[in-house]
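Computed over heavy atoms, backbone and side chain alike; hydrogens, waters and symmetry mates excluded. Here, residue 1 is the first one in the sequence, and each next residue gets the next number.
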Amino acid sequence: MKKPKQKNTTLGVYDHEFNSFATVDPSVNHKLGEDSTILHELVHMRLTQSTSYGFLIHILFKLGKHEPRLAKTADVLQLHMLHVQEGLAVFYEMILLYEKDGKEACLSYLIDMKETDLRYYNYLKPLEFLILEHDNLSIFMKLELAQALAVSALSGELKRIRPFVYKHRLLENEAKKDTSKFALELIPDVRFKYLIKTLEDLLHQKRTVSGQVILEESRITIFQYTVSDVTDFIETIIGEHEQKNRMMKELSNLKAIDPEELYLWVHPTSLKSYKNTGVDLDQVLPILKKGDGAIVLGTLVSAPPFEQLYLPIFMDYNTKTNYGFLANKTTFVDLLRKTPLPLTVTPSVYKTLILQKANDPILSIIKRPIYVYVDVPYVQSSEQINFFLSNEAACIIMPFEKKDMSLLVIKPNINEDVFILQLFFNYQENYIIDHIESGGLKAKLLFENEENIDHDFLSSEHHDYIKDYDQIVKSIIQEGGTNDRDTDTYRNIIQNYGSLEALWRAQIENELKKFI
């Protein structure tokens, strides 16, 4: 009897269109473990950042904010490397399972995948023979061969794109012609198919295989493009475009990530969310008193003659609901005084509040701890964090209840109750420690076993703060949320709103209109 098909939960997303990092959701069950999901996203990052076709798409998406037609071109091109990207990423996951638990466990999982996740099984299927057969090849050799095929497939002749940059229907039609010179010289999924077939034939003939032999037998040509070559080619596309100056500035700021540092660009964050709802002020206090979670503050500047209003969101871990409400400064401060729930802000909101301090001294009026939650990887956020740090800044790394994650807690100034929270995966810890101790982060790194530690608020023995940290992280990663964000939905959200939080605010603001 066949198992019923289940809706698969999104475990991770590599968002290179609008950001430059991958997110892995720590709040959901990862059937093969989070390390497998992280590996999957790292494969996507490597194939995008380290191949000419992948990096071209990455650049086109970035330039798409100035010329939407380039983003559409990137969409079409990305669609035609999907089988290469997902095929190799799933293959890596299966090889990791094979190495950890043995061939039988891997074969059993493949049977299950075929019944419950046919889409991803079909991505893997062309490479499945390397798992089912050829036990004489080492795991390392199998990985090396599969990766060589993928990289070769993504090393096509980029100049073939030039006539079709703004002709998306023609580009799509040409890409679908499997036997055309255009497809064989450029389209990764077509090239990948020919390369795999060649490898399979060579192995069955018991011939010696190598990347060079596969290329010679398949007659697939590799076109060598450096990062500099790709950007030079993009400049010819920009030409005398009316947005040329902005696009050239964007292009000059784009750098490929060092392959040795890709592992740093993975961040634990939610790909699910709680229900979003707006509530009237009369309802807020009872909800806050019954709930458990964090109040996340955003500012909303209304049009005259109204004063500045605040749009906080109470992320309630108990009811799995994000409650949004509008309040003026006096009302908001009064609500904070009546609840012990931790107050959290994003770095951008905190920076705005600091800059507004002279005209709107809400930070000094609140008189309670403020937590600044950073929701991007440390490798990207450290420069931004330094903006907030004084000469007396201190930090400590604390284990989080999920054993594969830790929390970097930073106190920018010993005289202020402000804490910056940076969640990260444990495998990134050595880099973070080295970066801090070498002066990359302008804060003194403390350790809990140090004698005479004079920052008690950073110690894991200070239970009030620890409870706040726990509430904040659980709420912001929306632990237990049921609204799944698949890859396409996630991309649409980021494209239209900028972040998941911005979407929540937009949905809540829409609901709040009935109260205004």
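Within 6.0 Å of atom NZ in Lys275, 12 or fewer heavy atoms from other residues, nucleotides or ligands are found, so the atom counts as exposed in its surroundings. Other residues, nucleotides and ligands contribute over 12 non-hydrogen atoms within 6.0 Å of the CG atom of Asp258.
Under the 3.5 Å distance criterion, the side-chain polar atoms of Gln478 are matched with a main-chain donor or acceptor of Ser475. At distances below 3.5 Å, at least one donor-acceptor pair connects side-chain atoms of Gln428 with backbone N or O atoms of Tyr263. Using a distance-only test at 3.5 Å, with no hydrogens or angles considered, no donor-acceptor pair links the side chain of Thr344 to the main chain of Val296. Checking side-chain atoms of Tyr431 against main-chain N and O of Glu261 turns up no donor-acceptor pair under 3.5 Å. Side-chain atoms of Gln422 come within 3.5 Å of backbone N or O of Val376 as a donor-acceptor pair. Looking at Asn426, its side chain does come within 3.5 Å of a backbone N or O of Ser406 through a donor-acceptor pair. Judged by distance alone, the side chain of Asp15 and the main-chain N or O of Ala22 form no donor-acceptor pair under 3.5 Å. Asp25 contributes a side-chain N or O that, together with a main-chain N or O of Leu271, makes up a donor-acceptor pair within less than 3.5 Å. Looking at Glu41, its side chain does come within 3.5 Å of a backbone N or O of Tyr14 through a donor-acceptor pair. Side chain of Ser390 to backbone of Pro412: a donor-acceptor contact under 3.5 angstrom is found.
Using a 4.0 Å cut-off between a side-chain N of Lys or Arg and a carboxylate O of Asp or Glu, Asp35 and Lys100 qualify as a salt bridge.
Across all non-hydrogen atoms, the minimal contact from Leu341 to Gly291 is CD2-O, 4.2 Å. The two atoms that bring Gln49 and Ile257 nearest to each other are OE1-N, 3.0 Å, heavy atoms only.
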Notebook entry, point to check: Can you check side-chain contact (heavy atoms from CB on, under 4.5 Å) on Glu93 and Met113, steps first, answer last?
Noted result: CA-CA 12 Å; Glu93 286 192 88; Met113 182 193 289; over 6 Å; no
Next item on the list: Determine, step by step, whether Val84 and Tyr53 satisfy the side-chain contact (heavy atoms from CB on, under 4.5 Å) criterion, reporting the C-alpha distance in whole Å, the side-chain angles of both residues, the deciding distance to 0.1 Å, and the verdict.
Entry: CA-CA 12 Å; Val84 181; Tyr53 188 96; over 6 Å; no
Item checked: Leu408 vs Cys395, side-chain contact (heavy atoms from CB on, under 4.5 Å): CA-CA, chis, key distance, verdict -> CA-CA 7 Å; Leu408 175 65; Cys395 61; 4.1 Å; yes
Note to self: Run the side-chain contact (heavy atoms from CB on, under 4.5 Å) test on Val279 and Phe314 for me, step by step, so that the C-alpha distance in whole Å, both residues' side-chain angles and the decisive distance to 0.1 Å come before the verdict.
What the structure shows: CA-CA 10 Å; Val279 292; Phe314 171 44; over 6 Å; no
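The aromatic rings of Phe425 and Tyr427 lie parallel to each other, with less than 30° between the two planes, well short of the 60° mark. Between Phe332 and Phe325, the angle of the ring planes lies from 30° to 60°, which puts this pair in the tilted group.
Leu336 has its side chain within reach of Ile295: a pair of non-hydrogen atoms, C-beta onward, lies under 4.5 Å apart. Between Arg368 and Asp417 there is no side-chain heavy-atom pair separated by less than 4.5 Å. Under the 4.5 Å side-chain criterion, counting only non-hydrogen atoms from C-beta, Met81 is not in contact with Thr51.
If you take NE2 on His30 and OG1 on Thr37, they are separated by 4.5 Å, rounding to the nearest 0.5 Å.
Aromatic pair Phe424/His267: ring centres not closer than 6.0 Å.
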